[in-house]
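Inspection log for the structure reproduced underneath, given as structure tokens.
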2 protein chains.
Amino acid sequence: MTSSKTPNKSADDSDVNAALESGRRRATINDIARLAGVSKKTVSRVINQSPFVREETRQRIEAVIAEWGYAPDPQARGLAFRRSFLIGMIYDNPNPQYVVNMQLGLLDGMRGSGFELVVHPCDRSSPTFLQDVRMFIERQKLFGVVLPPSVSEDERVADLLRDIGCEYIRIASVPLDEEEHMIVGHDRLGAQAMGEHLVSLGHERIGFITGLPSFRSSHERRGGFEDALAKAGVKLDPDYVVQGAYTFESGLACGEALLAKTPRPTAIFAGNDEMAAGVLQAARRAGLTVPEDLTVVGFDDFQIAQAVWPPLTTIHIPTREVGRMAAEKLIAREGYEPGDPSRIIPYLVTRESSAAPKKV
Amino acid sequence: MTSSKTPNKSADDSDVNAALESGRRRATINDIARLAGVSKKTVSRVINQSPFVREETRQRIEAVIAEWGYAPDPQARGLAFRRSFLIGMIYDNPNPQYVVNMQLGLLDGMRGSGFELVVHPCDRSSPTFLQDVRMFIERQKLFGVVLPPSVSEDERVADLLRDIGCEYIRIASVPLDEEEHMIVGHDRLGAQAMGEHLVSLGHERIGFITGLPSFRSSHERRGGFEDALAKAGVKLDPDYVVQGAYTFESGLACGEALLAKTPRPTAIFAGNDEMAAGVLQAARRAGLTVPEDLTVVGFDDFQIAQAVWPPLTTIHIPTREVGRMAAEKLIAREGYEPGDPSRIIPYLVTRESSAAPKKV
DNA sequence: GAAGCCCTTGACACCGGTTTCCACTCCCTT
DNA sequence: AAGGGAGTGGAAACCGGTGTCAAGGGCTTC
């Protein structure tokens with residue numbers, strides 16, 4: 001009777017066990033404690049990997065936990081810890097494929113950790129934006145949040161997070177914060193690769209369509225492109241740079257604008273695939289054949305790049321992998337090593353939309 | 001001194017108020033009770049809209065709640081209620097735009113309700129699928145789940161949910177469950193509309209590409225199409241029906257197969273836009289011009305329909321609205337009326353990919 | 001053999017809400 | 001004025017975990 005805590009509990013115990021065994025009730029920490037003949041505090045220690053538990057005791061408890069399939073209640077645990085086991089993704093990126101890939105990546109990185117992902121699209125221009133974000137985080141007592149662009153680039157949000165002491169990871173194309181809060185993408189490298197590709201094909205009069213200026217990636221992509229051109233001794237004529245908005249429609253309009261220039265560019269590099277698809281349409285309306293009359297290239301390598309005609313030469317961005325790294329960094333589990341940054345380096349994908357310019 | 005509960009609390013009170021006012025601590029139900037001069041039970045009654053509170057008392061408490069911006073802790077509340085305020089979206093639909101639109105719709109319907117959305121993509125063919133779902137729901141004590149296709153069509157999942165007593169809404173193109181658990185889409189109507197459109201243009205030899213047979217929508221779309229043709233006295237030749245997989249690649253392959261038939265169909269109706277984009281590519285490879293040589297139409301009206309050339313005639317499905325209705329139904333708030341089903345009726349969007357067949 | 005220390009363990013209060021139970025109003029009847 | 005019922009609010013237990021702190025046991029050390 002060493003494990004019995006009160007003299008007349010055995011009758012109750014059998015009732016309790018019956019309820020448990022029939023599956024009518026999930027096991028609680030008290031059940032596990034009782035079944036293992038220890039106090040619930042010790043079970044708690046095992047759950048939280050406290051080193052102050054005798055190996056033999058730990059194994060006994062772990063066996064009982066495994067046998068009954070016990071998992072602690074995140075709400076109760078969260079209540080005591082004063083925080084939840086939820087991770088928020090706060091975003092305003094309008095591209096569905098980016099969003100979904102990012103979500104999948106985050107879930108990859110969270111798998112088996114006991115955390116769950118709560119999604120929170122937002123409108124950065126709303127007057128209540130910061131208050132909404134704060135409410136979201138404080139009410140749910142989020143463990144942490146992941147911020148993809150362009151929310152990641154908003155210092156007000158970062159300040160808020162530091163202020164309320166919420167863990168966060170910012171995903172951006174440039175370092176904006178301490179290293180531990182950043183996953184830095186390599187848009188610049190990707191744009192450089194594209195610049196080299198176009199130059200190597202022999203293009204010299206190239207149009208460029210920027211993304212939304214509120215996204216740092218817009219500037220990085222342009223910058224990387226200019227780097228590559230400069231290195232090859234080709235100059236990017238500012239007159240051939242027009243500002244898009246990362247949308248198909250803006251790509252169409254900007255494409256038409258660029259194609260109206262004299263002389264016409266022999267290639268157009270759009271800041272993302274959506275806009276490149278718009279350029280393809282502009283080219284078609286102008287009676288031009290791609291890539292014979294015009295090279296059109298994009299950035300991101302989302303599905304649209306393959307669905308248009310001709311399929312787009314573009315830069316592949318490993319969004320899902322970026323998400324995985326972000327989640328891993330956020331929860332920083334034991335056995336977590338920093339993650340090889342080379343996993344998220346973008347690369348050129350050559351398809352049929354790019355070719356050498358026609359000889360004059 | 002009527003509101004003072006213990007004689008020597010006033011000193012403590014000012015400390016507590018200081019902490020509150022400085023924002024160092026969020027208000028709890030005890031603070032609100034103290035500030036309003038009532039017991040926390042009464043505050044709880046107000047929060048939970050109990051009718052047993054004097055109107056005057058209620059207003060006083062609500063004023064204090066508003067003044068301090070108090071919101072009850074979902075974890076503590078959930079712990080006592082034995083359920084969380086989380087809603088799960090369990091899905092295996094591979095289309096990013098569908099997923100994102102559905103999420104947005106669900107969030108629309110949940111806005112201001114205090115619920116949050118936890119996303120849970122899954123693999124229905126995994127051996128641990130049902131166990132994963134069960135674990136997800138039971139651990140988080142989800143308030144309810146929303147099941148879009150094709151998870152919604154899996155009776156094992158519905159059985160599981162009934163078994164563990166979890167609220168759920170199934171989104172599908174046919175009624176599969178009691179009315180209160182269903183949002184029924186109208187794929188059939190949409191496909192009928194497309195059938196009528198093609199017939200009215202004069203097409204009689206029409207190819208059809210089905211979606212994945214594991215999606216009920218595939219059969220409904222085909223069925224609705226056949227209905228419309230039958231009504232017009234046109235027969236759908238089974239030889240001109242090929243099975244796709246809702247992907248671009250499958251659309252390409254199926255398009256090639258259909259265009260190889262003799263005589264060639266004058267129109268191809270693909271079960272979704274992705275496949276229609278594939279058909280466009282097959283047509284181009286075959287040297288055909290759309291819509292002069294071949295009419296190609298899709299279904300869903302996702303963004304790809306506008307980004308390809310020519311832009312696709314398709315059926316618009318109000319996915320986001322469907323999501324909103326699902327969420328509203330799930331949380332069935334006071335003031336909730338069933339929701340006008342006409343809001344989610346699909347409609348034809350005519351673009352440039354459909355035209356009358358050339359005269360022979 | 002007693003003191004001192006470390007390793008383990010458990011009792012108890014607490015996280016922030018809800019529910020149960022009960023006592024106390026208040027108002028209306030008799 | 002007393003009695004009775006409905007309406008109202010408080011104390012304490014509870015949801016399922018965690019923090020704090022002190023106690024028990026085995027070991028070494030003097």
Side-chain angles (χ1 to χ4, degrees), chain A residues 2-6 9 16 19-20 25-61 65 68 70-85 114 138-141 143, chain B residues 2-6 9 16 19-20 25-61 65 68 70-85 114 138-141 143:
Chain A
T2 54
S3 68
S4 169
K5 284 171 295 180
T6 46
K9 261 257 172 102
V16 169
L20 267 184
R25 195 167 65 74
R26 292 184 60 208
T28 70
I29 196 172
N30 288 305
D31 298 320
I32 302 301
R34 191 166 36 73
L35 291 163
V38 296
S39 76
K40 65 179 191 175
K41 180 62 201 175
T42 302
V43 178
S44 170
R45 286 199 178 91
V46 170
I47 293 169
N48 293 291
Q49 314 198 44
S50 158
F52 303 113
V53 178
R54 202 192 325 159
E55 186 53 29
E56 177 205 317
T57 311
R58 170 189 311 285
Q59 289 184 4
R60 181 156 39 97
I61 293 174
I65 287 176
W68 293 86
Y70 167 74
D73 182 328
Q75 291 190 324
R77 219 146 92 92
L79 186 58
F81 273 140
R82 283 174 195 72
R83 72 158 114 107
S84 72
F85 296 92
E138 292 201 325
R139 272 193 69 149
Q140 302 299 328
K141 300 205 294 272
F143 176 88
Chain B
T2 52
S3 68
S4 171
K5 285 169 297 179
T6 45
K9 261 255 170 106
V16 169
L20 265 185
R25 197 167 62 74
R26 293 185 58 207
T28 70
I29 196 171
N30 289 304
D31 299 319
I32 301 301
R34 190 167 37 72
L35 291 163
V38 296
S39 76
K40 66 180 192 175
K41 171 61 195 170
T42 304
V43 178
S44 173
R45 282 200 179 97
V46 170
I47 293 169
N48 294 291
Q49 315 199 42
S50 156
F52 301 114
V53 179
R54 203 189 328 158
E55 187 53 29
E56 177 206 319
T57 311
R58 170 190 311 284
Q59 289 184 5
R60 180 156 39 99
I61 294 173
I65 287 177
W68 292 87
Y70 167 73
D73 183 328
Q75 292 189 324
R77 222 148 91 90
L79 187 57
F81 275 140
R82 284 172 196 74
R83 67 162 58 168
S84 73
F85 295 92
E138 291 201 326
R139 273 194 68 150
Q140 302 299 326
K141 299 205 295 272
F143 175 88

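Owing to the predicted nature of the structure, the values given are computational and were not obtained by experimental measurement.
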**side-chain N/O Asn30(B) vs dG16(C) OP1/OP2, d < 4.0 Å** = no
**Prompt:** With sequence neighbours excluded, what pairs up with Gln59(B) under the side-chain hydrogen bond (donor to acceptor under 3.5 Å, both in side chains) test?
**Reply:** Glu55(B)
**Asked** What is the distance, rounded to the nearest whole Å, between atom CZ of Arg34(B) and atom P of dG9(D)?
**Response** 19 Å
**For Ala80(B), side chain to side chain contact (heavy atoms under 4.5 Å, CB included) partners two or more places apart** = none
**Message:** In whole Å, I'd like the distance from the CG atom of Asn48(A) to the P atom of dT9(C).
**Reply:** 16 Å
**Prompt:** Counting only non-hydrogen atoms, which of residues 74-81 of chain A are less than 4.0 Å from DNA chain D?
**Reply:** Ala76(A), Arg77(A), Leu79(A), Ala80(A), Phe81(A)
**Message:** Using only modelled atom types and a 3.5 angstrom limit, is any donor from either the side chain of Lys40(B) or the base of dG17(C) paired with an acceptor on the other?
**Reply:** yes
**Fill in**
One should read off an interatomic distance between Arg34(B) CZ and Ile29(B) CD1, to the nearest 0.5 angstrom, of 13.0 Å
**Asked** Would you say the side-chain atoms of Asn48(A) pair up with the backbone N or O of Ser50(A), donor to acceptor, closer than 3.5 Å?
**Response** no
**Fill in**
Ile29(B) CD1 to dA11(D) P, in whole Å, measures 14 Å
**Request:** Taking only the side-chain heavy atoms of Phe52(A) (C-beta and beyond), determine which of dT18(D), dG17(D), dT9(C) contains the nearest atom.
**Result:** dT9(C)
**Prompt:** Is Thr57(A) near enough to dT9(C) that one of its side-chain N or O atoms lies under 4.0 angstrom from OP1 or OP2?
**Reply:** yes
**Message:** Ignoring hydrogens, what is the shortest heavy-atom contact between Leu79(B) and Ala76(A)? Give both atom names and the distance.
**Reply:** CD1-CB, 3.7 Å
**Prompt:** Any side-chain N or O of Ser44(B) less than 4.0 Å from the OP1 or OP2 oxygen of dT19(C)?
**Reply:** no
**Request:** Figure out the CZ/P separation between Arg139(A) and dG16(C), and round it to whole Å.
**Result:** 15 Å
**Request:** Find the distance Glu55(A):CD to dT9(C):P and express it as a whole number of Å.
**Result:** 11 Å
**Asked** Starting at CD of Glu56(A) and ending at C1' of dT9(C), how long is that distance when rounded to a whole Å?
**Response** 13 Å
Under 3.5 Å, which N/O atoms of the protein pair with N/O atoms of nucleotides 20-24 of chain C?
none

**Request:** Would you please confirm or rule out a distance under 4.0 Å between OP1 or OP2 of dG9(D) and any side-chain N or O of Arg54(B)?
**Result:** yes
**Asked** Hey, does the side chain of Ser84(B) reach the backbone of Gly78(B) with a donor-acceptor pair shorter than 3.5 angstrom?
**Response** no
**Item:** Residue pairs fulfilling salt bridge (Lys or Arg N to Asp or Glu O under 4.0 Å) with at least one residue in residues 38-54 of chain B, sequence neighbours excluded
**Value:** Arg54(B)-Glu56(B)
**Asked** For Arg60(B), which residues count as a side chain to side chain contact (heavy atoms under 4.5 Å, CB included) partner, sequence neighbours excluded?
**Response** Val38(B), Thr57(B)
**Asked** Are Tyr70(B) and dG16(C) close enough that a side-chain N or O sits under 4.0 Å from OP1 or OP2?
**Response** no
**Fill in**
Looking only at heavy atoms, the pair that brings Tyr70(A) and Thr28(A) closest together is CE1-C, 3.6 Å
**Message:** Tell me the interatomic distance from Asp31(B), atom CG, to dG17(C), atom C1', rounded to whole angstroms.
**Reply:** 13 Å
**Request:** Provide, to the nearest angstrom, the distance between the CG atom belonging to Asp73(A) and the C1' atom belonging to dG17(C).
**Result:** 14 Å
**Item:** Residue Ser39(A), side-chain heavy atoms: nucleotide from dG9(D), dA11(C), dG16(D) that is nearest
**Value:** dA11(C)
**Fill in**
From the candidates dC15(C), dC15(D), dT9(C), the one with an atom nearest any side-chain atom of Arg82(A) is dC15(C)
**Message:** Applying a 4.0 Å non-hydrogen cut-off, can you work out what Val53(A) is touching in the nucleic acid: base, sugar-phosphate, or nothing?
**Reply:** sugar-phosphate
**Prompt:** Can you find a pair of side-chain heavy atoms, one from Arg139(B) and one from Arg26(A), that are under 4.5 Å apart?
**Reply:** yes
